[in-house]
Amino acid sequence: MPLHIIRQDITKMQVDAIVNAANKSLLGGGGVDGAIHRRAGKELLEECKTLGGCGTGEAKITKGYKLPCKYIIHTVGPVWQGGNKGERGMLTDCYHNSLKLARKYECESIACPLISSGTYGYPKEEALKVATEAISEFLCYFDMTVYIVIFDKSSFAISEKLFADVKSFIDDVYAEEHTYNRSRILTSFERLSSKSCGSQQLEDSVCMAAPAQRSVTLDEMITKLDESFSQMLIRKIDEKGMTDSECYKKANVDRKLFSKIRNDINYHPKKTTAVAFAIALELDLTEARELISKAGYSLTRSSKFDIIIEYFLLNKNYNIFEINETLFAFDQVLLGV
Ligand code: AR6
């Protein structure tokens, strides 16, 4: 059920169905439509001729022919006319109708291009928002793996403001970290030189400072294991009054993976999964760090991924799809599965 955003040529996607951003005639054209017809071969056009065209927002299905997918779902996006001519509703219909058709044909995976965002002129940032909202709405009710395929990364845009905010946050953190490290090094250096502490003195003071410890057996330590990641996750879901499915859907995590985690208290998730659950649970930064640490990871200030996550946690923005769009824009791995 997760939603992925990837950079790829849609004709290469090995999924049950791909979506074609077609025109009303369904007889081929330029852009993604042209690429699909070229790669699928002439038989696709022959089948399309039998379909009697397609209205804006509607969807029709054909076989995949020479493409690696079983089906091609042809939909017709709206032509952008400034945004006040019902474009958003029609574009949402394209996704909903394509996904419904995929479900009818028992597809488990589907790849969609950013419909209308090329020749039809829909602003890419808006087109991406409509796509993520329409798809995530569908995924609340139905199981399917959906890919939004971005062909040309340079034309991919998250909101300029969000991009600028995240970028300046990353820059600030890097700058702060650099200054902090430098001052920390200086301070420890000054402390050492003011005490003119030789290495022997230093070792002595460390020895003296160490508290007397009772020896603990390995058995004792093992029986006193802390709460595991999976135990903490289940506890937090209960505390937040969420259902399991609300939580894993919000985390963009597959149901099968969630049951693995639920059924194995020692399950070791990937970092992106652990972070996804921290987001789904709407934890604050401290709680998020605690949950992530249960899986053996940390949020540092030396990784762009971590800083972006910190930015969203601090801003209490728990929209996993917006976070993933941002991670994608900064060339980072995405959350969930
Ligand atoms: N894989 C994935 N995405 C692609 C590919 C590809 N191989 N090629 C282009 N895109 P467009 P529209 C992206 O123009 O705006 C056709 O002539 C592209 O970067 O293909 O809905 C039809 O026949 C853009 O983001 O479709 C119609 O007449 C997105 O796909 C008309 O264009 C959609 O761009 C439909 O226009």
Side-chain angles (χ1 to χ4, degrees), residues 3-42 44-49 51-62 64-69 71-83 85-99 101-102 109-135 145-160 325 328-329:
L3 170 59
H4 305 252
I5 306 173
I6 59 164
R7 193 181 338 165
Q8 182 56 282
D9 174 348
I10 204 163
T11 61
K12 301 200 170 126
M13 293 294 294
Q14 307 220 348
V15 282
D16 292 335
I18 64 167
V19 172
N20 180 18
N23 57 51
K24 287 184 185 170
S25 76
L26 296 187
L27 301 179
V32 70
D33 195 9
I36 289 174
H37 273 271
R38 266 195 307 281
R39 297 260 160 78
K42 287 193 181 122
L44 173 60
L45 182 59
E46 292 312 310
E47 188 178 355
C48 283
K49 283 180 186 165
L51 298 177
C54 181
T56 306
E58 293 171 5
K60 300 222 171 150
I61 194 161
T62 63
Y65 298 100
K66 292 184 183 151
L67 291 175
C69 56
Y71 302 108
I72 304 167
I73 294 176
H74 307 263
T75 187
V76 182
V79 176
W80 179 256
Q81 295 178 72
K85 297 271 165 37
E87 292 94 327
R88 191 186 178 92
M90 288 186 270
L91 188 53
T92 303
D93 286 348
C94 287
Y95 288 102
H96 283 168
N97 288 328
S98 300
L99 292 165
L101 202 49
S109 56
I110 183 169
C112 310
L114 269 190
I115 302 164
S116 282
S117 72
T119 313
Y120 283 177
Y122 212 106
K124 283 191 193 281
E125 182 192 324
E126 280 301 308
L128 178 65
K129 214 179 262 170
V130 176
T132 24
E133 276 175 25
I135 296 168
T145 298
V146 185
Y147 297 87
I148 295 180
V149 181
I150 308 291
F151 189 49
D152 171 13
K153 178 73 188 296
S154 63
S155 62
F156 172 86
I158 54 166
S159 131
E160 268 176 42
E325 286 163 24
F328 184 82

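In each ligand, atom 1 is the first atom listed, and ligand 1 is the first ligand listed.
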Visitor: Please confirm whether Val149 comes within less than 3.5 Å of ligand 1 when only nitrogen or oxygen atoms on both sides are compared.
Guide: no
Visitor: Under 4.0 Å from a heavy atom of Gly30: give me the atoms of ligand 1 that qualify, with their elements.
Guide: 16 (C), 17 (O)
Visitor: Between the candidates Gly77, Ser116, Ala22, which shows the shortest non-hydrogen contact distance to atom 21 (O) of ligand 1?
Guide: Ser116
Visitor: For residues 33-42, dump all side-chain donor-acceptor pairs below 3.5 Å to protein atoms at least two apart in sequence or in another chain.
Guide:
from  : atom 1 : to    : atom 2 : distance (Å)
Asp33 : OD1    : Asn20 : ND2    : 2.7
Asp33 : OD2    : Gly29 : N      : 3.3
Arg39 : NH1    : Asp9  : OD2    : 3.0
Arg39 : NH1    : Thr11 : OG1    : 2.7

Visitor: Taking side chain as C-beta onward, heavy atoms only, is His4 less than 4.5 Å from Ile148?
Guide: no
Visitor: Nearest 0.5 Å, please: how far is CG in Leu51 from NE2 in His74?
Guide: 7.0 Å
Visitor: Which atoms of ligand 1 sit under 4.0 Å from any heavy atom of Asp33?
Guide: 22 (C), 23 (O)
Visitor: Hey, does Asp9 come in under 3.5 Å of ligand 1, counting only N/O atoms on both sides?
Guide: yes
Visitor: Only heavy atoms count here, so choose which of Arg39, His37, Lys124 is nearest to atom 18 (C) of ligand 1.
Guide: Lys124
Visitor: Give me the atom names and distance for the closest heavy-atom approach of Cys54 to Ala59.
Guide: SG-N, 3.9 Å
Visitor: So, are Lys24 and Glu58 salt-bridged, with charged N and O less than 4.0 Å apart?
Guide: no
Visitor: Please check whether Gly31 reaches ligand 1 - meaning an N/O of the residue sits under 3.5 Å from an N/O of the ligand, judged on distance alone.
Guide: no
Visitor: Would you mind listing which atoms of ligand 1 come within a distance below 4.0 Å of any non-hydrogen atom of Gly29?
Guide: 17 (O), 23 (O)
Visitor: If the threshold is 4.0 Å, N to carboxylate O, is there a salt bridge linking Glu126 and Arg88?
Guide: yes
Visitor: Testing the 3.5 Å rule here: is there a donor-acceptor pair between the side chains of Glu133 and Tyr95?
Guide: no
Visitor: Return a yes/no value for Gly118: is any of its N or O atoms, backbone included, closer than 3.5 angstrom to an N or O of ligand 1?
Guide: yes
Visitor: What atoms of ligand 1 come within less than 4.0 Å of a heavy atom belonging to Ala21?
Guide: 21 (O), 22 (C), 26 (O), 35 (C)
